[in-house]
Number of protein chains: 2
Amino acid sequence: MQPRAVRSMEEFAALSGISRPTVSKYFNDPASVRPSTRERIETALERYDYRPNIYAINQNRKLTKNVGIVVPYLADPFFAEMARTVERRCIEAGYWPILFSSHGERDTERNILDTIARMKPAGVLMAPLGRASDRTAVERFCREVPTVVFDSHIEGVGEAFVGSDNFQSVPLMIDYLCATGMPPCWLEMQPVNPNANKRRDAYRTAMTARGHEPRILRVDGDDWDFERIGYEGGLRLLDAGLPDTDTVFCSNDRLAIGFLSACYERGLRVGRGGDLRVAGHDDHPFARYTCPPLTTVAQDYEAISLHAVRTLFSVITGKGPQVRKEILFGGRLVERASA
Amino acid sequence: MQPRAVRSMEEFAALSGISRPTVSKYFNDPASVRPSTRERIETALERYDYRPNIYAINQNRKLTKNVGIVVPYLADPFFAEMARTVERRCIEAGYWPILFSSHGERDTERNILDTIARMKPAGVLMAPLGRASDRTAVERFCREVPTVVFDSHIEGVGEAFVGSDNFQSVPLMIDYLCATGMPPCWLEMQPVNPNANKRRDAYRTAMTARGHEPRILRVDGDDWDFERIGYEGGLRLLDAGLPDTDTVFCSNDRLAIGFLSACYERGLRVGRGGDLRVAGHDDHPFARYTCPPLTTVAQDYEAISLHAVRTLFSVITGKGPQVRKEILFGGRLVERASA
DNA sequence: ACAGGAAATTTACGCGCGTAAAGATGTTTT
DNA sequence: AAAACATCTTTACGCGCGTAAATTTCCTGT
């Protein structure tokens with residue numbers, strides 16, 4: 001026989017023999033009431049299973065405990081992993097994460113920001129679409145809501161940016177590839193975000209600095225179906241013939257996965273000692289299971305998510321950076337069979 | 001010069017020259033007010049950019065326009081795709097979808113249901129963890145909130161179940177494999193949900209009915225890192241030697257992707273005319289980019305998501321099924337190079 | 001032009017909780 | 001023991017909106 005549901009704090013306070021304001025105080029911070037009082041409340045809590053109404057709570061706060069999490073494309077396991085990690089950290093910190101995916105669409109991202117703004121969130125962790133983002137809308141949003149931007153940089157926007165140092169990771173791979181074989185050409189798609197541009201620039205600079213001719217191959221496609229872009233573009237490239245190198249450095253792992261598929265279809269053996277070598281960037285969750293397993297530069301997921309969350313919380317609690325900060329993490333070479 | 005922010009419906013009503021109850025009526029259904037009134041409100045809306053406070057709105061509804069979406073593991077692109085499709089349909093229907101991932105964890109799923117219940121949602125679309133689900137908690141939840149269960153069945157729970165017909169899809173693949181080569185053995189992991197069990201049973205039944213000896217191979221692993229399970233288990237199996245067949249039917253595509261990686265590592269050529277054939281199940285978004293591309297049975301994502309959403313809305317609006325319904329969709333054979 | 005119904009306005013209450021102020025208890029200090 | 005402080009109770013208001021009831025204004029058809 002379950003005790004009947006308790007519908008309000010008033011009712012619950014009466015049942016537990018404590019005044020409502022004190023109960024309210026307890027729910028905002030259990031440690032703020034006397035231990036004996038706390039115990040009485042928690043005993044009653046077990047008996048009656050009452051929870052404060054979230055809408056009533058948030059209506060009377062200028063700021064809620066909500067934290068918005070926005071990623072550009074959730075069907076990309078990289079962002080799914082990111083979201084998962086970040087979500088957990090928020091919950092541990094006593095916040096209420098709410099996850100959104102822009103699905104690669106400008107309008108969707110804009111609507112999400114609109115929606116989040118209405119929720120009076122304590123803060124937001126946002127990985128923007130990049131090129132497709134409505135810069136004005138994002139800027140306006142970031143002026144209203146404390147936002148930490150990650151993965152894809154938008155100049156001057158948000159309280160801080162946390163991401164990868166492409167100018168470290170790309171040369172890292174180039175050095176490896178040059179040391180173990182021919183200098184790589186660069187395979188990219190139409191850049192969806194600044195990372196793509198930075199990586200290409202890093203490639204060009206590093207190659208030039210090492211006395212090699214940079215060779216940049218561009219394949220078509222401007223949506224988030226990277227594998228397909230790499231596959232279809234890869235077929236065309238292979239049929240037209242690569243420039244004079246047997247090594248292809250793809251601007252990201254998903255593109256590389258598609259390209260590997262194209263290589264397979266054309267009967268090319270990929271890997272050291274094979275017909276050509278292929279490398280990627282990011283250490284995508286599935287990169288270790290491609291055939292051959294993909295040599296790549298691992299982004300430091302853990303560090304990025306940890307610092308993004310920490311920075312946001314320090315901003316929220318007021319201890320945060322008054323001046324905008326940019327935190328970059330280096331990559332780690334992951335040597336597998338593909339290059 | 002932006003006009004100052006409007007903070008309440010009271011204020012907005014005054015600015016637009018309409019009474020507050022009428023404005024309230026408008027926001028609940030713009031078509032419920034006279035066209036001339038509607039126009040005046042919308043003109044004012046453009047000038048002042050007012051939006052009703054979501055917390056105040058929901059506090060005064062017994063039921064909100066929120067729709068909870070729960071998936072067991074968002075880092076699986078299958079569920080990410082599912083979530084995306086379902087999300088869009090909810091928005092189009094004027095609802096407010098809120099996405100949750102159980103991350104493969106029993107406690108997380110339970111907490112999510114708890115959270116959702118507090119939000120007074122109009123309904124919920126839920127793909128349960130399966131074996132790891134707290135059946136009692138899910139049952140209790142479904143008694144309180146109209147829920148359509150999809151992908152993974154829980155007997156008797158929810159207003160309806162929408163999923164795949166494993167007893168159609170598995171024999172479909174078996175017939176194809178038998179017609180083009182040797183009868184397949186069955187590669188499975190420890191079942192995380194009923195689908196896995198049904199597929200194995202379907203395999204056994206169909207093989208027996210066709211006069212073939214069913215051969216079931218089980219690999220270790222009880223988390224959601226299916227690729228790793230398929231890879232590591234696959235290595236062990238290959239080293240121990242497969243039973244007398246060259247054809248492996250994997251219980252899902254992610255497992256198959258891992259197994260393909262194991263085959264590659266052992267130097268086995270996969271595909272028709274190769275050392276062995278590998279088939280999967282689901283038509284995972286990345287299945288077409290494996291090497292070789294994976295022959296599989298496609299789940300009808302579109303049909304499942306469409307029917308799940310439709311069923312939920314018909315239940316919400318009261319036109320729905322009073323008796324619990326189970327809707328199953330057949331699979332479609334996707335013939336690629338791996339088998 | 002007038003009746004009759006549709007739609008808008010006015011007025012009022014309630015939702016469940018945050019929060020402030022004043023006073024009453026309880027606990028610790030010297 | 002009394003003083004000094006921490007904590008609780010009582011009382012009361014406000015948040016922004018849904019919604020009901022009674023009244024007034026508007027639109028339509030004759």
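Labels below follow one simple rule: chain letters A, B, ... track the order of the sequence lines, proteins then strands, and each chain is numbered from 1. Treat the numbers as computed from the prediction; the structure is a model and nothing was measured. Computation of the quantities below employed the complete heavy-atom set of this structure, encompassing side-chain atoms and omitting hydrogens, waters and symmetry-equivalent molecules.
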Heavy-atom nearest nucleotide on DNA chain D for A/T37 versus B/Q59: which residue maps closer to 5'?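 Result: A/T37.
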Which residue, A/R20 or B/M9, contacts DNA chain D at a nucleotide closer to its 5' end, judged by nearest heavy atom?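 Going by which nucleotide is closer to the 5' end, it is A/R20.
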Quick one: [X] [atom1] to [N] [atom2], roughly how many Å, whole number?
X	N	atom1	atom2	value
A/I54	C/dG16	CD1	C1'	12 Å
B/N58	C/dG14	CG	P	22 Å
A/D29	C/dG18	CG	P	13 Å
A/K25	C/dA20	NZ	P	12 Å
B/N60	C/dC15	CG	C1'	5 Å
A/E10	C/dG18	CD	P	12 Å
B/R38	C/dA7	CZ	P	14 Å
B/K120	D/dG18	NZ	P	12 Å

For [X], answer base if it contacts any base atom (sugar-phosphate contacts may also be present), sugar-phosphate if it contacts only those atoms, and nothing otherwise; contact means non-hydrogen atoms under 4.0 Å.
X	answer
A/F12	nothing
B/Y50	sugar-phosphate
B/T22	base
B/S24	base

If you pin B/A56 and B/P35 to their nearest nucleotides in DNA chain C, which one's is more 5'?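 Closest to the 5' end, via its nearest nucleotide, is B/P35.
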[X] vs [N]: side-chain N/O to OP1/OP2 distance below 4.0 Å:
X	N	answer
A/K62	C/dT19	yes
A/Y55	C/dG18	no
B/S8	D/dG16	no

Got a donor-acceptor contact below 3.5 angstrom from the A/S24 side chain to the A/R20 backbone?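 Such a contact is absent between A/S24 side chain and A/R20 backbone.
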Just by modelled atom types, is the B/P52 backbone N or O under 3.5 Å from a matching donor or acceptor in the A/R118 side chain?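 Looks like yes, one N/O pair under 3.5 Å.
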Closest heavy-atom contact between B/C142 and B/V157?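 Taking every non-hydrogen atom into account, SG-CG1, 3.4 Å.
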So which atom in B/T108 and which in B/S101 form the shortest heavy-atom distance, rounded to 0.1 Å?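 Shortest heavy-atom contact: CG2-O, 3.7 Å.
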Centre-to-centre under 6.0 Å for B/F78 and B/Y73, is that the case here?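 That pair fails the under 6.0 Å test.
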If we count only N and O atoms by modelled type, under 3.5 Å, do the side chains of A/E159 and A/T311 hold a donor and an acceptor together?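 On atom types as modelled, these side chains do not qualify, holding no pair under 3.5 Å.
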Options D/dT9, D/dG16, C/dG18, nucleotide nearest the side-chain atoms of A/S19: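 Among D/dT9, D/dG16, C/dG18, the one nearest the side chain of A/S19 is D/dT9.
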Nearest to side-chain heavy atoms of A/P21, which nucleotide of C/dG18, C/dT19, D/dC8: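 Within the option list, the nearest is C/dT19.
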Is there a donor N/O on one and an acceptor N/O on the other, under 3.5 Å, for the side chain of B/N28 and the base of D/dG18?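 A donor-acceptor contact between them is absent.
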